[in-house]
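One structure is given here, and the rest of the page talks about it.
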Amino acid sequence: MDTSAKNSVITRSDLPLRVINSTPETIARAQKKVRRSFRQIRTETVFRRTLTIMGLIMIILVLGILLTLIIQSLPSIKSLGLKYLWGKVWDPVQDIYGAWPFLLGTLLSSFLALLISIPFSLAVAIFLGEYFPKGWMPDFLKNAVELIAAVPSVIYGFWGLAVLVPIVRNLENHIGVEPVGVGIFSSSLILAIMIIPYAASLGRSMIQMVPSPLKEAAYGLGATRWEVIRSVVLPYTKSGLFAGVLLSLGRALGETMAVTMVIGNTSLIPKNIFAPGNTMASVIANEFTEADKPVYLSALIELGLVLFLVTVVINLIGKKIIDRFTQ
Amino acid sequence: MAQIETELQLLKVEAVNMWTLVNSQLSKARLAFLNFDKDLAREVVTKEKRVNGSELKIDRDCENIFALFCPVAIDLRFLLAVLKINSNLERIGDIAEGIAKYIIDAEAPFTKELLDVTRILPMYEESVKMLEDTQEAFEKEDTILARSVFKKDDFLDDINRQAHKVLEHHLKDHPEDTSQALWLLSIIRKLERVGDQAKNVAEEIIFYLEAKVLKHKNKFV
Amino acid sequence: MAQIETELQLLKVEAVNMWTLVNSQLSKARLAFLNFDKDLAREVVTKEKRVNGSELKIDRDCENIFALFCPVAIDLRFLLAVLKINSNLERIGDIAEGIAKYIIDAEAPFTKELLDVTRILPMYEESVKMLEDTQEAFEKEDTILARSVFKKDDFLDDINRQAHKVLEHHLKDHPEDTSQALWLLSIIRKLERVGDQAKNVAEEIIFYLEAKVLKHKNKFV
Amino acid sequence: MESTIIKSRNFNASFGSNHVVKNVNIDIPRNHVIAVMGPSGCGKTTYLRCINRMHELIPGATSEGEMTINNENIYDMHPIFVRQKIGMVFQRPNPFPNLSIYDNVIAGYKLNGIKLPKAERDRIVEHSLTRVALWKEVKDSLNKKGSFLSGGQQQRLCIARAVAMEPEVLLFDEPTSALDPISTSTVEELFHELKANYTLIIVTHNMQQAARVSDKTAFFYLGELVEYDETKIMFTNPKDNRTQNYITGRFS
Amino acid sequence: MESTIIKSRNFNASFGSNHVVKNVNIDIPRNHVIAVMGPSGCGKTTYLRCINRMHELIPGATSEGEMTINNENIYDMHPIFVRQKIGMVFQRPNPFPNLSIYDNVIAGYKLNGIKLPKAERDRIVEHSLTRVALWKEVKDSLNKKGSFLSGGQQQRLCIARAVAMEPEVLLFDEPTSALDPISTSTVEELFHELKANYTLIIVTHNMQQAARVSDKTAFFYLGELVEYDETKIMFTNPKDNRTQNYITGRFS
Amino acid sequence: MDGKNIKYRIGKSYVAQIVTTIFAFACVIPLLFILGFIIKAGITKINWHFLVSIPKPVGESGGGIVNALVGSILIIFCASLIAIPIGILAGIYLSENGKTRLAYWCRLCVDILQGVPSIVIGIIAYFWLVKPLGGFSALSGSVALAIMMLPIVIRSTEETLKLLPSSLQEAAFALGMPFHRVMFKVVVPVGISGILSGVMLAIARITGETAPLLFTAFGNPYLSFNITKPMQSLPHLIYDYATSPYDDWKNLAWGASVILLLWVLLLNIFTKLITRKWKVQL
Ligand SMILES: Nc1ncnc2c1ncn2[C@@H]1O[C@H](COP(=O)(O)OP(=O)(O)OP(=O)(O)O)[C@@H](O)[C@H]1O
Ligand SMILES: Nc1ncnc2c1ncn2[C@@H]1O[C@H](COP(=O)(O)OP(=O)(O)OP(=O)(O)O)[C@@H](O)[C@H]1O
Ligand SMILES: [Mg+2]
Ligand SMILES: [Mg+2]
Ligand SMILES: O=P([O-])([O-])[O-]
């Protein structure tokens, strides 16, 4: 829409028609009104430009992030090349930088967490979305799940360190692996709890979006409640539920503090899921301020770049699925 | 008030006007007949155009209401009744005109004796009365009054049925009255129709108000 | 096909049946008149009930279609036309019955001379023909045929207008024919009505097909 | 012979303390089209949903009184049986979006876990789609999703889905209020054909539709059944003043 | 004297490459009710929205041709002025939910930043609400939110809001299709009263409504203006076969 | 369709429902554990002194967290100042120009931003602010947190405005209102509860964030009001002291955890109240 007022001259056609044949004072009043309207029209243009600039800022921001990461990790990319990714040893003291232990640690802890959390988040989603959308009990559950998401990750880490790690150590004693307590398994447990709300609340809203006529159609054909859920609700929402899982995964991959506090922070390749390890995020958190050599710092930033790319891709896929679902 | 109600109200007014007009035509034709007043008769013939115009207007209004408002139940019955009453009234107007034309064509005033034997004067009065009664019944939505019309029609029918015999008898003694007798027979036949039409109108009024189809009932039951 | 189309189709069939029935009544009355066949005349009187029944049925059907389908445009015009045609046909049926009753009441066969001077036979034939033409025009949706009816009506009107003079004249010479003349006059007046009714029907057909209101037009323009 | 298929005696339904269907007595004859009309919120939908026990799916909804199908009390049967016998079609066409047209038609069997040989399934699909005059239009795209169909076709697909279960009664809740006039007329024409095999109960806001499609009409007002009669009589000569006022558009 | 207020000459409108209003020529007389009807998707709404330049709010929407109000080209004026002169009422009643009834009525002034003395505002509110026959019903609850009103009342409130700006023309896009029959009839009755002061253009799906409320009717088909005539004539004797088929419910 | 089959199906339905319920409520157990433990461990440490004094050095018991409290408040306040206006305006932009190419890329970027791990944002803030300005500062922490807030505010604004019926805007346009007035007088006020809840959510989320602060605000054992200098924050303090080997410090961390938890909890409750109160019935 062309909103620029061509000029501020008030023409006959700008006046309200009912005014044209009236007394001079009503015409003057109307002209005043019209002049104000011209001011409004100019403000409108300024406002639209401002909005567009805000939109642009977001793009610049993201491009800036990407560029910064790339530029800052250039030294490491140049000196280490691609084999950096599967280099098995990380030893800053000897200037050996291999990211494989952290990649493995990240993947292991995240997928394990995902595996543990899925049944619970799905159950919450179905319970809240379909079985009991209203009432005090589901309200309680809903708020509780929201609270899980709200608790800061550093508190999970702290609790994990203080409570969970000793329990896991006991467990490890029982099953006969090296009883360190801290390690991939502990961090997966913590992560699993932390990511339940993401898949659950997304799943719940997806399930609630299933049009009730659709469900009623199934009831109308004589289906039981479970059959309605299995044959109508779940198929209808499956892509949405998958997107919820993806978003949880993205969250697990990027989670820093809780993991840092319970994973053990060793640069060795984890031998099993109980072994201590390190994730990309936690290694950055631990070593960033200590990185004294340019390559060391750059190698850490390259880790950040990889983390950035992985999480971005996963998140984007999840978002696309949700967008498609909601349309 | 819903738009259709306004329209139906207007239609009713129109119908009542038509009634009044037709009534005045019939009464004037009667006066012309009584006083053998050819001028008045000519006026009746001229005014027939007005009746026709009125009929057309009501017909068109009914059609528009049907098309625009989709009437049902009592509204529908009212409209259908008005449609039928309208054409009946127009026919009565035609009859008044016909009688007027006869009077114009007739050569001489009718003899008192002939009028007496045929009982045409009470017949005429009664038919005018019937028409008035139906109008009142319609305006006041009075089915009792409408029903009263039926009995009066029997009276007309009786005179109509006797007419042939009476005239034949009269002509035997007064062959000079042939022309007059022929006119009177025509008029009596017409008046009988007025009675029938009035009865039809009364039936339509009852149909609209009570949703009973009376037509052809009293004849066979 | 939309439900209303089916209903209108059925209504049309019904109307055509009524037409055929009325036509047969009128023709039978004619035969009874020609052959002075009182039995046939009585049959006509009895069968009049059927015509009435048919009229009632069509009326009720029209009312239902109005109430249920809310017809507009050509459908509406068709229904209105059928409504009017229906009551006209019923009137023609009545007239056939009336003629039959006259024949029952008449004492002796009509003399050839009287028939000839009044030209009642061609009049009768023509009116039957008019009715048949309208039926065909209705069935075939043929407005040209419908229009042709108007001319025929002039012929009837002419005979009707002459009737009084002719009969008066005849009676002067043949006073013994009084009764017959009176009957014939009644019948002629009735046949004139048949012509009018047929004309009305033709007008309705044209109205429905072309949406032109012809009524009262040719008379005054 | 006209026989009664659905019968209510002193039937009541409530949402919690909100009494929305009051003492309804009605006899619905087999193989007829019954229209249920009345002003908004008068309980038409609620009554309809009581017939196949969908009402009780809403938390807090209760009902009492007698409601029988073929003289068996519906409320003594298991709802699953009831719903198989009494199909339902909703306001907006709602084919299952994740299923093909074919699967939508036999969804009732699939949902109920009834396994049929392929030939039998094909027969049911063809038969049901033919019944709703959709077979010709979709027989070449049975494996496509139903969502590419037009509104009227989708609604007919939903009717086919209900028909496939071979119910005795079909309930329709404002089946055309989400359709444009052309689709509406395709669906309305269908009703006449369906009534040879089923009993149809249609809730509609649209008086003209009730007039066009139904044999008998029930008029609800404030939860009461005010009048129930032949449609022709309802629209030419209603007995109750409330009916008359409603259909002639005069509202008090 | 009947004078033309809105006039289109060879008016066209498109959504991108989708040409939805084609060469429309129409003369709309002052102080009349004009109904615009036609099958779904024929461009009725689009044409209506072109009249007060709401069409161009949709990205990619274009229009060309002449459209005048009182012989001045609407497309030479600034849309803000056009819209103050030509009010619009939408399908669903949409009072501003965050404003009271009072504020809703003068929203056109208040939200445009036009300051009026309190007395003047009171006068406008009372006058507008009286015009739409709502004053009596709401005068004691002017400070309540509009959402507690019934559908018909809300729609009348929206009309009052448009009326408060003293427009010359009021556009209605299916103003009653979201209302129940009772509310519909309250709104329809209003049209007759409003036409004394405004020119009303009403898009409607409901043929009967067009018949009931309008003086003239325009019939659109596939983007063309097929016929435009007195409503009475349209419904008793339409000239175009497409019109006849549409209004008699026979669709090809 | 025999009765046995039906009974089996109904039974299955019930079993499924029970299993679902059990799994759903199982999630609550760890939460209760965590909350219970933290409150038990931390609540006794909290007193007035704890709230108004700065931490004591190693070996001295007592001490408080006032520096972290003040720091958190300041950092969050500055982050909000940056993120809320930009976020709301960008949200309006997205909801209004939904289909343009720029909006597509903008939306994509917002989606990307939402998925960026917090630690990466920390890195970015480090390079954009800490290095150029020559030292850690609260301000750089605020910027990092603002970047984290942005996508939440933008998306919640956009979603809220999109959910509003378009008839609302059209009604306003049809009254001849200019675009900015339509937005600020009609659309935003009606959608204010959704926008506010997005803002509160964003604040709640960054309140607990530690990673981006690690190398921006850095932490500071002393009370500081200078946003261009390093500053302590609650989560950072918890992280530092929780991973320290000293019991006194751990106790301090437990206390701080309870405070942080309460803070987040209150924010959540506050959000709920606000959205309920401001919710406009459409
Ligand atoms: N799910 C529900 N919970 C509570 N009350 C309800 C519910 N559904 C409907 N009602 C109430 O029950 C009454 C009847 O509703 P019902 O839907 O049967 O009316 P209806 O006649 O179908 O109206 P409409 O024509 O608007 O569909 C209404 O007044 C409504 O307030
Ligand atoms: N926002 C839009 N963007 C693109 N095309 C549109 C848009 N709105 C409408 N159209 C197209 O323009 C055509 C005309 O639409 P319009 O809304 O004017 O029809 P209508 O006659 O009002 O139909 P209805 O009765 O369904 O409201 C339709 O075919 C539609 O596909
Ligand atoms: Mg309902
Ligand atoms: Mg539209
Ligand atoms: O039209 P008629 O009065 O002669 O039946």
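Side-chain atoms are counted along with the backbone in the values below, which use heavy atoms only and exclude waters and symmetry mates. Within every chain, numbering begins at 1; the chains are lettered A, B, ... in the order of the sequence lines, protein sequences first and strands thereafter.
Taken to the nearest 0.5 Å, the CZ atom of F:F179 stands 11.5 Å off from the CD1 atom of E:I80. Summarising the geometry, atom OG belonging to F:S166 is positioned 8.5 Å from atom CD1 belonging to E:I58; distances are rounded to the nearest 0.5 Å. Between F:K185 atom NZ and E:K110 atom NZ the span is 8.0 Å, to the nearest 0.5 Å.
Using a 4.5 Å cut-off between heavy atoms, E:I86 contacts chain F through its backbone alone, with no side-chain atom that close. Of the two parts of E:R49, only the side chain, counted from C-beta on, holds a non-hydrogen atom closer than 4.5 Å to a non-hydrogen atom of chain F.
The shortest side-chain heavy-atom distance between F:P189 and E:L99 does not fall under the 4.5 Å cut-off. With contacts defined as side-chain heavy-atom distances shorter than 4.5 Å, the pair F:V186/E:L111 qualifies.
Formation of a donor-acceptor pair under 3.5 Å by the E:N94 side chain with backbone atoms of F:S167 is found in this model.
Ranked by heavy-atom pairs under 4.5 Å with chain E, the first of F:K99, F:R181, F:Q169 is F:R181.
No more than 12 heavy atoms of other residues, nucleotides or ligands lie within 6.0 Å of CZ in F:F270, so this atom counts as exposed by the packing criterion. Remark: E:R92 CZ is loosely packed, at most 12 non-hydrogen atoms of other residues, nucleotides or ligands lying under 6.0 Å away.
For the pair E:R83 and F:F173, the tightest heavy-atom approach, listed with the atom from each and the gap, is CD-O, 3.0 Å.
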